[in-house]
Every structure is written in C-alpha cells, then in structure tokens.
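Basis for what follows: all heavy atoms, side chains included, without hydrogens, waters or symmetry-related copies.
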Amino acid sequence: MKWLLFGILGLLGIVLVFLIVPVGAILIYDNGNPSAFVRVFGIRFKLYPPRPKKIKKAKAPKEDKGGAPAKAPGAAKDTSETQRAEKPPASPESKKSASADKKSKKGKPSVLDSFKGKLSVEDISKYLRFALDSAKRVLNGIWMPIFELRAVIGLEDAANTALAYGGAWAAVSTLLPPLEECFHIRRKEIDINASFEGQESLFVKLEVNAILLRLLIAGIIIYRAFKKLIDNKAVQHE
C-alpha cells in the first residue's frame, strides 16, 4: 500500500513540476526556410520541418513453382469490393427516417443561437470587455525572451529601395511597442539595412515561453466568467 501511495505522490509531483517549469516555443524564418522547435526542461525538440522518411524499395512479386507470377496484394480485395457494390440500395423509408433524425439534431437551438439579433450596445461592450480581460489573463503567463529581426532590403531601383527601407523601419517602430507590452520582450535585436545592389535577405527568430499552470488557471477563470456572462444573458431573456 505504501508503494502505491508513493507512486501516486511521485506522479503528482512530476505533473506539478511539468506545470511549473517554463515551456518554450521557438520559431525561425531564415530566407524562405521556416522551422519550429519546442523546449522542455532545457531540451529542444524539432517540430518542423519533419525528418525525411526513408523510402522502402518495392519488392518484386515472387513467382510460383509453375512459373506463373504471384497475384498482386490488391487482387484478393476485388471480391469484397464487388460484394459491396452489389448491396441493395436503401429503402425510401430508411432515408426519410435518417433525414428526420438529422433535422431533429439540427433543430435543437443552442444558447448562443437564442441571442442572435438580441444583442444591445451594452451587451456588445460587455463581450468586448470580457475578450480584453481574457487576453490580458492569457498574456500574463506568456513572455518573449528573444526577438531577432535581421533584414536586407534591395530592389532594382534605388528610389524604391530607399522607400522600402524607410517603410520597414516605420513598421517596426509602430509594431514593436505593443509587442513589448503584450509579450514582455526581454532581449531584442533588430538590424535592417538597404542594399542598392539588389540583394535581399530576411531572418526572424521568436522565442515564446509560458508556464502551463498559469495558463491552466487563466483558462478556468475565463471559462467561469464566460459561463456567468451567458447565464446572466439567459436570465434577462426569460
């Protein structure tokens, strides 16, 4: 009995450690070659691109003792396929019952369907406030340790290259502050250059870390808040 208790406690401890330890996702884009990794306990596992599978060579069909080649593997399935094709068509009564069952399943209105066309401005503001609060709760458990962007912009025309270079820096300066606020970027490396010789390159690296326990707690709170919001709406329409 003690060993069973120790085993259960050990399993719960492993699950708790897995929920507390940060889990990271690494996304890399290097000149048209994307790749994705997952980091758990400091060990990085590759998700994309997958490793190429080894193609096995097809074996030639063996010959019988009499010299006749063996039957292909799909030949034995011909009889079963012909039997399936010879099955009698379904009767019209069975078709009617099946369509009636489908209509009965589709006819049950959900809670959200009853609210269609009945949302006021106050209701829309409540849902928007709920969406913003939910996003904040989720983002509190996510941070970005590394954000790297290295790009070389080079077009055929020097004027277009200069315009694209200025537009790229304008886009980065506009998007970077909200990204830093949402994902708490700790280290960023941004290097954008212009090449008047027509050379182009792009390298982007994002590392996003999260604590699963925080996300789990946030998901439970969001679910309870959404259920409470739906229940209050249903009470108002009764």
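Taking the side chain as every heavy atom from C-beta outward, Phe147 and Leu206 approach each other to under 4.5 Å. At least one side-chain heavy atom of Ile43 sits under 4.5 Å from a side-chain heavy atom of Phe45. The shortest distance between side-chain heavy atoms of Ile20 and Leu16 falls below 4.5 Å. Proximity of Leu215 to Ile142: side-chain heavy atoms (C-beta onward) are separated by under 4.5 Å at one or more points. The closest side-chain heavy-atom distance from Met144 to Val208 is below 4.5 Å.
Both Val38 and Leu212 are members of a single hydrophobic cluster when ILVMFWY side chains are connected at heavy-atom separations under 4.5 Å. No chain of hydrophobic side-chain contacts below 4.5 Å, direct or via other Ile, Leu, Val, Met, Phe, Trp or Tyr residues, connects Val204 to Ile146.
For the atom pair Ser195 OG and Glu200 CD, the distance stands at 8.5 Å (nearest 0.5 Å). Expressed to the nearest 0.5 Å, how far CD1 of Ile14 lies from CG of Leu19 amounts to 12.0 Å. Atom OG of Ser201 is separated from atom CG of Asn31 by 5.5 Å, given to the nearest 0.5 angstrom. The CG atom of Leu9 sits 4.5 Å away from atom CG of Leu5, with the distance rounded to the nearest 0.5 Å.
Between Glu189 and Arg187 a salt bridge is recorded (basic side-chain N to carboxylate O distance below 4.0 Å). A salt bridge between Arg137 and Asp133 is absent, with no side-chain N of the basic residue lying under 4.0 Å from a carboxylate O of the acidic one.
Shortest non-hydrogen contact noted between Tyr165 and Ile192 is CE1-O, 3.2 Å. Of all heavy-atom pairs between Ser173 and Ala170, the closest is OG-O, 2.8 Å.
For the pairing with Glu207, the salt bridge (Lys or Arg N to Asp or Glu O under 4.0 Å) check across Lys188, Arg39, Arg186 returns one residue only, Arg39.
Heavy-atom contacts from other residues, nucleotides or ligands closer than 6.0 Å to OH of Tyr48 number 12 or fewer. More than 12 heavy atoms of other residues, nucleotides or ligands lie within 6.0 Å of CZ in Phe196, so this atom counts as buried by the packing criterion.
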**OP:** Tell me, with the steps shown, if Leu202 and Leu149 meet side-chain contact (heavy atoms from CB on, under 4.5 Å).
**Re:** CA-CA 8 Å; Leu202 177 62; Leu149 173 62; 3.8 Å; yes

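Listed for the Thr161 side chain is a donor-acceptor partner under 3.5 Å among the backbone atoms of Leu155.
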